[in-house]
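Let me begin by presenting the structure, written as structure tokens, before commenting on it.
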Amino acid sequence: MGTACEQGEIFQRILRGESDGDLRSSMKFYDFIELQPVDNNKFMLCASEDKYAAVSCREDLKNFNRRLYELAVKSGKPVVGTSDAHFLDPEDARFRAVLQAGQKFVDANDQPPIYLRTTDEMIMEFDYLGEDRAIQIAVENPRLLASSCENVRPVPDEFCPPSVENAREIFENTIATRAHQLYGEKLPDLVAERLKKEQQAILGNHFESLYVISARLVEKSLGDDYLVGSRGSVGSSFAAYLMGITEVNPLPPHYRCEQCDYVEFPGDSGNIVGIDLEQKDCPDCGSSLEQDGFDIPFEVFCGFDGTKIPDIDLNFSGEYQQEIFHYLKNFFGEGNIFRAGTITTISDRTAAGFANKYIEEYSNTSSWAEKERLKSGIEGVKQNTSQHPGGMIVVPENRSIYQFTPINYPANDRDSSFLTTHFDYHSMEDQLVKLDILGHENPTQLRHLKQLTGIDPVTIPLDDPQTLQIFTDLSSLNLTEEELGMKVGVLGVPEFGTIFVRDLVTEAAPTSFADLVRISGLSHGENVWNNNARDLIKQGRADLTSVITCRDDIMNYLIKNGLPENIAFQIMEDVRKGKGLKPEYIQKMQACRVPAWYIKSCDKIKYLFPKAHAAAYVLMAFRIAYFKVHHPTAFYASYLSLKADHLSAAYICSLSAIEERMEQLQGIIEQKRREGKTEKRDEKEYGIMEVLREGYLRGISVRPPRVSKSGPFRFRVESEQLIRAPYVTIEGLGNTVAEGIEKAFKEKRFTSIEDLQNRTQVNSTVTETADGLGFFEALPPTENRQLF
DNA sequence: CAGTGGCACGGGCTATC
DNA sequence: ATAACGATAGCCCGTGCCACTG
Ligand SMILES: Nc1nc2c(ncn2[C@H]2C[C@H](O)[C@@H](COP(=O)(O)OP(=O)(O)OP(=O)(O)O)O2)c(=O)[nH]1
Ligand SMILES: [Mg+2]
Ligand SMILES: [Zn+2]
């Protein structure tokens, strides 16, 4: 425990003029006394505060240090020279100034010289105490201090998995029972071998508890009638499939009989997934066979040698995420579950803003290079802490969170029901396990669709031809390309509806479920489709089945070409993280006659899905698409009530309002893009409007609920002819001023739209439409909002 | 009725899966 | 390098409004 700088207790006492005796007794608490260079305290000479009034020259500052030294010696405490370093080199003071200017400090340019002194510099700083003492302070005592510290390892380095009672038994029993349920009394060799391999790896790496608790979470959610979406690489695990953690079956495409034990792996069905197999009846009992299997290697999840520590990802309904958090906390206990924290840094835009501001206020340079220098100098500086989207860290019973990280309330909110780790989870990922409990809207939407139609999403036929057709043309939607302005009917289908994916779908022309999985892979990550697969297909060098569409493609292909398994795996991992290919890997690939285009393709990819994730997402997308084709009203209703909770009634009733809004949004989006803004709310709203518009074109009657007011509109005319329409609560619509203003407009209380705009003080842009008014701005969202 | 503290909302930026 | 990965969410700040206070 050292005495710190002039803000520390001891120095403050000196400034207050305390006696030697008092100072010495205060010093007892500390292990060593710090002396800092006098220039560190130079600011006192011209500071206006009272406590510095008596400090008038450098000699005064030296005298402070002389006195500290004497008292320390008398108290038997070692004196250590410290520089109070806030930056490394003197010239780095500029970066600190930029940071402070950005945070509205005044006089940011007045920086004390708090850089790291070299030994020689440090000796010089204390020469007024005499050379021997200076050396003692700068060299000998710091060494003494360092040597008195034992060798400590602040954080354990071994893997500390949580333990769930009987986890091994539960794990083994569950997968065995379920395997026999699905694949019969005697498991086919392929199934048995896969299970054995996974079981060994999972138990060997102490992962069974994570499987068991994940299964429990899914069970809990399903029990509360909230379906769970699969996600992540865990769909590569057959054991996970058997435990209900994922609905992705990683076995090769196969048939299986629900009524008897018949199982068939047709083999060599390379380009398709189980869903695409031709339908057929059980040769043993005649009932219609089930088809499944996406053909995914377990190693994508776990690696070959057990060094990869995977996580388990789950998509819960956003509405239900908190519920699961609490369930997890109750399961492991308050002190064992923490939400992972994240650390916000000063990044591109903020750094640029700070640099600009600094230059504007403190410097007159117009040099682009200097601006970039200042910007890059502050990039990456920690700014704030925040909450991880869904990462929950599990601390085993025999450990304490403090062995790994401090913890804190998110955003200093003491009412928060969760604490977050102060360090991000990467600092403890090799020690503790993390469950990724993400919130997503798909499960919520499917839940609504189930409620609206009575159809259970899991029963939806995944080979429904009309649903598959929307990825080709608009025939299933009874629309024309002219009407809709696009060739395919994927608007509103999750992760398929954006212009980029629409064009991709159009170009790639999928004809099977397997193709959809490929497209899902191709449409996520930079340089997977554009500048890559797309060109290769155009040039005829490859086709949809041979380009790289997901991580697994790479690993499988390289192993097939004769690369060692672990190298193939490592290359896959580097590629999926966008690291490009190391020269040694390129050599190895060339040695195995991997074609140049393939190597280049790997090298360009910036991010790549695992097939398991693509499959999981296509399953969800396909079901939502099924509703879109066969139950359109329910589809648009569920979509809009989830996504468009900001639309006012008048807006929803008018096609012209929608189209005008779309036009307006395009302008805003374009401008933001030009300015390099990162905010995407307008783009999101545009996407919603596209779906809304499509609903109209399909003749769907999308109407707001009949508004039953919870009270009369408060609507009054102020003396200065300013109409105020305070928020009123309308059941089902939440708080809105829209209705009241529209009513006033219809009563001709405004002379024009401009008049309305001027006198209502509504922030929205208002336009007149055929059937009312359009309000183009977000209104307060409400809970439990039902539009239909 | 001026002053003020607090809240809601929109917008900007960042993190993460 | 060519426009394009999609989705979800948290935190902070400025602004405007409102209720409360004295
Ligand atoms: N579109 C998109 N999806 C992502 C991105 N990062 C992650 N995801 C999705 C796909 C992942 O499979 C899923 C889970 O993310 P994880 O970080 O857990 O990685 P993943 O499970 O794929 O691999 P892992 O075995 O956990 O290392 O979330 C991304 O940058 N873009
Ligand atoms: Mg994962
Ligand atoms: Zn049968």
Side-chain angles (χ1 to χ4, degrees), chain A residues 103-104 229 231-234 311-318 321 339-353 379-380 382-391 410-413 416 420 424-426 434-442 444 493-504 519-532 534-535 578 604-610 613-614 617 620-621 642-643 646 668-670 672-685 687 724 726-727 734-735 737 761-764 777-782:
Chain A
Q103 297 168 276
K104 305 191 163 173
R231 85 176 285 152
S233 61
V234 69
D311 70 345
I312 291 184
D313 307 88
L314 293 163
N315 272 354
F316 289 94
S317 160
Q321 192 186 24
R339 190 161 186 177
T342 63
I343 292 169
T344 305
T345 62
I346 291 184
S347 177
D348 196 45
R349 304 272 312 163
T350 310
E379 265 177 331
K382 294 181 185 67
Q383 194 180 33
N384 211 335
T385 60
S386 187
Q387 302 177 52
H388 191 285
N412 272 341
D413 173 13
S416 164
T420 59
D424 77 0
Y425 94 94
H426 292 297
K434 161 167 148 282
L435 275 160
D436 238 312
I437 301 172
L438 291 145
H440 206 93
E441 301 214 327
N442 289 358
T444 318
V493 178
E495 316 233 329
F496 279 90
T498 66
I499 181 73
F500 171 67
V501 186
R502 265 147 41 197
D503 285 355
L504 198 167
I519 288 172
S520 174
L522 288 167
S523 60
H524 293 91
E526 257 178 82
N527 294 345
V528 179
W529 175 245
N530 281 342
N531 311 316
N532 206 336
R534 182 185 198 176
D535 300 341
K604 285 182 187 168
I605 288 168
K606 294 272 183 266
Y607 172 76
L608 200 57
F609 269 178
H613 183 78
Y617 265 43
M620 295 301 263
L642 263 177
K643 314 257 181 190
H646 62 294
I668 299 171
I669 291 166
E670 188 47 43
K672 285 197 180 175
R673 186 165 300 165
R674 270 200 305 275
E675 291 169 13
K677 295 223 187 341
T678 59
E679 207 265 350
K680 298 274 188 265
R681 285 174 183 100
D682 301 295
E683 286 174 45
K684 191 178 167 194
E685 187 184 343
R724 288 169 185 270
Y727 285 142
N735 300 325
V737 294
Q761 292 193 337
V762 174
N763 283 331
S764 326
E777 213 51 69
L779 294 170
T782 54

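In the text below, chain A, chain B and the rest are named by the order of the sequence lines, each starting its count at 1.
Residue contacts shown for G525(A) include a base, since a base heavy atom lies under 4.0 Å away. Among the atoms of the strands shown, only primed sugar atoms or phosphate atoms (P, OP1, OP2) are found under 4.0 Å from some heavy atom of H440(A).
Shortest non-hydrogen contact noted between Q387(A) and P410(A) is NE2-CB, 3.3 Å. The two residues W529(A) and L522(A) come nearest to each other via the heavy atoms CB-O, 3.4 Å. Pairing each heavy atom of E495(A) with each of S523(A), the nearest pair is O-OG, 4.5 Å.
Between the CD1 atom of I437(A) and the P atom of dT8(C) there is a distance of 18 Å, rounded to whole Å. Atom CZ in F500(A) sits roughly 6 Å away from atom C1' in dA4(C) (whole-Å rounding). The nearest whole Å value for the distance from the CG atom in N527(A) to the C1' atom in dT2(C) is 10 Å. Between the CD atom of E670(A) and the C1' atom of dA3(C) there is a distance of 10 Å, rounded to whole Å. One can place CG of D535(A) at 11 Å from C1' of dA1(C), the figure rounded to the nearest angstrom. A straight line from CG of N315(A) to P of dA7(C) spans 13 Å, rounded to a whole angstrom. For the pair K382(A) NZ and dC11(C) P, the interatomic distance rounds to 18 Å; values are reported in whole Å. Rounded to whole Å, atom P of dG6(C) lies 14 Å from atom CH2 of W529(A).
Residues Y607(A) and G439(A) both approach DNA chain C. Their nearest nucleotides, taken by heavy-atom distance, put Y607(A) toward the 5′ side.
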5' to 3', nucleotides 12-17 of chain B under a 4.0 Å protein heavy-atom cut-off (B base, S sugar-phosphate only, - none) gives BBBSSB
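Comparing the same atom, C1', in dA15(B) and in dC5(C) gives a spacing of 16 Å after rounding to whole Å. Comparing dG6(C) with dT2(C), their P atoms sit 15 Å apart, to the nearest whole Å.
Screening residues 342-352 of chain A for side chain to side chain donor-acceptor pair (under 3.5 Å) gives D348(A)-K375(A) as the qualifying pairs, with residues at least two apart or on separate chains.
Between R231(A) and the choices D313(A), N442(A), N315(A), the side chain to side chain donor-acceptor pair (under 3.5 Å) rule is met once, by N315(A).
Every residue two or more places apart in sequence or in another chain was checked for a ring pair (Phe, Tyr, Trp, His ring centres under 6.0 Å) with F316(A), and none qualifies.
Annotation for N412(A): atom CG does not count as buried by contact number, only 12 or fewer foreign heavy atoms lying within 6.0 Å.
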